[in-house]
Structure formats: C-alpha cells, structure tokens
Amino acid sequence: MFLEKISLGRDSSGRPLVINRRTKAMLEAVERKLGRKLVIVQGSFLAGKAAKRSGPTHNRAGVVDIRTKDQTAAQQTQTLVELRKVSFAAFHRTTKQGFADHIHAVAIGDPGLDPSAARQVEAYRNGKNGLKDGGPLDGPRVKITVFPLTMPTGGVVPVGGRPVVHLVTVQQQFRAGGTKVLPDVKTIQLALNARVKTNLAVDGRAGKFTREAYKKHQKAIGSAPKFIDGIPGPKDLANLGRGRFQVI
C-alpha cells in the first residue's frame, strides 16, 4: 500500500521517525534532483509528541520538517523549490517567525493529512505562508504538480502536464448534488464517458446521472459495497484518473 506507514528509525531529536511510503517516495524524488540527502528533523504521525510550535500539523500523515542548518542559503532555496516541484506545500520557517530554522513540507493530495495541514495546503495554493498571520508565501512560486496516490507499475515518478482534479472540492459538489459548475467535474465526466462508456453531458455539474455513472465506476473496479456511493474517494478517483488527470 502506497499510503501505509513506514519507520525510518529516529529523527534528529530522538522521536520515532514515521512517514508513509508516498511521502518517502516524494522525498527521494527531491533528493535525486538535489543530488544530496535531506535530514528530517520531524516526521508524521506525531500526535502528542511533536514540537509545541508545530501545533497538530504533524499529528497525521504527509508532513515533514527538513533541517536547514547544514545548507547554504542557496541550497535552502534550491531545496524549497524542488520540494514544491515534487508537490509539497513547502514553507521556510525562520527564527524571526519564532521557529528553529527549518523547511516545513506538507504532501499535497495526501488523504491522511490533519485538517490543520490541509489548511496549510490551501494557504499555499493562495500564495500564503500557512501561519496565523496570513503572510505572503516565501521563496519562488512553482506550478503545482501532483505525485500519484497509488504506486504505478515500474516505480514512482512525479506526474505533470495533465488536468488537476481537487478531491475535497469534487466531494463537496457530488454530495451537494451539483449546485455549481466546476471544471474538475467536467474532467471527471469526460473520464467516465471514456471509462464506463456512459454518455454524460459534460456540463460540470455533479447531478444524478453523473453520480450514477460514478457508482458504476466504483463497482467496476471492485470497491467495497460501502464505498459504492457515487461520491469520489481518493482511491477510486485516482483509479479513474490514470492517464487522464491528476488528483490533489
């Protein structure tokens, strides 16, 4: 399972260093680009054990802090950029902000994020620093690409150049019955027409016929009965998106 927990021993403070396989694959992709190893000072799944200033962001999956004290200023910027390119919402936390200097990285699209970490991803998309002060995002902006939620045949590589579908947004619209027209829903409708051989109107509304078609997709891929509900989930949406779109 690509989202299962794995232990990497201990972090630099002696706490258990646990992340999931997707986060590990993302970090390895960054290290290949940088040509050097990164030191994790704080991992995921640290409920009750994380640094006080971190709040609950490290309680669940998809969040790591990277050491910066052994990097030059240029290397720190390079690390920040490559983390962002591989689909981390990455922020440089500094002593001026009240932190020990480090890079805080949240894996975009991880369904196991703590709600506080998910809010940081939303802030990142909006050009903000993810802190309570709502300040501007530090460092260079890059185009958001998305790492897969499932392990593709032949190994994991970053995915780019395809349409992006925002999981939480489409879930809300499918539950609401298609009250808004969304490009993400159009992308799903096109995929359903190709995959399930339906003839949906590509109107961007998650109405009755679109939800029924999505149920057919969930059933066709062998989803458990409780998940055949016509509402996109992380696994069935990633399955529908293979070769068609990216899920974040």
Side-chain angles (χ1 to χ4, degrees), residues 1-7 18-26 28-29 44-45 60-62 86-87 107-115 117-118 121 144-179 182-248:
M1 295 291 290
F2 205 24
L3 298 177
E4 71 177 336
K5 298 179 185 179
I6 54 172
S7 173
V18 180
I19 58 177
N20 64 27
R21 291 191 182 279
R22 179 175 183 262
T23 302
K24 183 174 184 288
M26 291 170 70
E28 288 173 343
S44 309
F45 307 106
R60 296 174 61 183
V86 174
S87 191
I108 296 172
D110 193 313
L113 292 177
D114 185 87
V121 171
I144 294 177
T145 58
V146 181
F147 220 76
L149 285 170
T150 55
M151 179 83 77
T153 302
V156 179
V157 293
V159 184
R162 296 199 294 271
V164 170
V165 171
H166 300 82
L167 175 62
V168 174
T169 301
V170 297
Q171 285 177 328
Q172 291 171 344
Q173 281 306 300
F174 272 69
R175 292 190 179 104
T179 57
L182 293 179
D184 289 15
V185 175
K186 289 184 179 181
T187 299
I188 290 173
Q189 289 169 329
L190 286 167
L192 287 170
N193 283 343
R195 186 77 173 269
V196 191
K197 307 303 180 185
T198 53
N199 190 29
L200 294 170
V202 183
D203 58 5
R205 293 185 181 275
K208 176 182 176 180
F209 297 115
T210 298
R211 296 195 302 276
E212 287 300 318
Y214 203 88
K215 281 185 181 180
K216 290 181 180 178
H217 163 63
Q218 290 170 321
K219 186 175 182 180
I221 65 173
S223 298
K226 67 179 180 178
F227 295 122
I228 302 176
D229 56 3
I231 307 298
K235 293 182 180 179
D236 50 58
L237 189 59
N239 181 288
L240 182 65
R242 286 176 186 168
R244 297 180 176 87
F245 56 81
Q246 307 167 55
V247 180
I248 63 173

Ser44 versus Ile19, closest heavy-atom pair with distance: OG-CG2, 3.9 Å
Smallest separation among heavy atoms of Ala107 and Thr23, with atom names: CB-OG1, 4.3 Å
Non-hydrogen side-chain atoms of Arg60 and Pro115 separated by less than 4.5 Å: yes
Point-to-point distance, once rounded to the nearest 0.5 Å, from CG of Leu200 to CD of Gln189: 6.0 Å
Check ion pair Glu212-Lys208 (N to O, under 4.0 angstrom): no
Interatomic distance, Ser223 atom OG to Ile228 atom CD1 [nearest 0.5 angstrom]: 6.0 Å
Non-hydrogen atoms of Gln171 and Pro234 that approach each other most closely: NE2-CD, 4.5 Å
Minimum heavy-atom distance Leu167-Pro232, with the two atoms named: CD1-O, 4.0 Å
Validation row: Phe245, Leu240 side chains within 4.5 angstrom (heavy atoms): yes
Euclidean distance, Asp236 CG relative to Gln218 CD, rounded to 0.5 Å: 4.5 Å
Minimum heavy-atom distance Asn20-Ala61, with the two atoms named: ND2-CB, 3.7 Å
Closest heavy-atom pair and its distance - Gly233, Tyr214: N-OH, 4.2 Å
Heavy-atom check, side chain of Ile188 versus side chain of Phe174, under 4.5 Å: yes
Spacing of Thr198 atom OG1 and Leu192 atom CG [to the nearest 0.5 Å]: 5.5 Å
Sidechain-backbone polar pair: Arg205 side chain, Gly178 backbone, donor-acceptor under 3.5 Å: yes
Sub-4.5 Å side-chain heavy-atom contact between Thr179 and Gln173: yes
Spatial distance of atom NZ (Lys216) from atom NZ (Lys197) [nearest 0.5 Å]: 13.0 Å
Atom pair CD1/CZ of Ile231 and Arg211 - distance to nearest 0.5 Å: 6.5 Å
Identified side-chain contact (heavy atoms from CB on, under 4.5 Å) counterpart of Lys186 within the set Asp203, Val202, Val165: Val202
Stepwise side-chain contact (heavy atoms from CB on, under 4.5 Å) check, His217 with Asn239: CA-CA 9 Å; His217 163 63; Asn239 181 288; 3.4 Å; yes
Side-chain heavy-atom pair Asn199, Phe209 within 4.5 angstrom cut-off: no
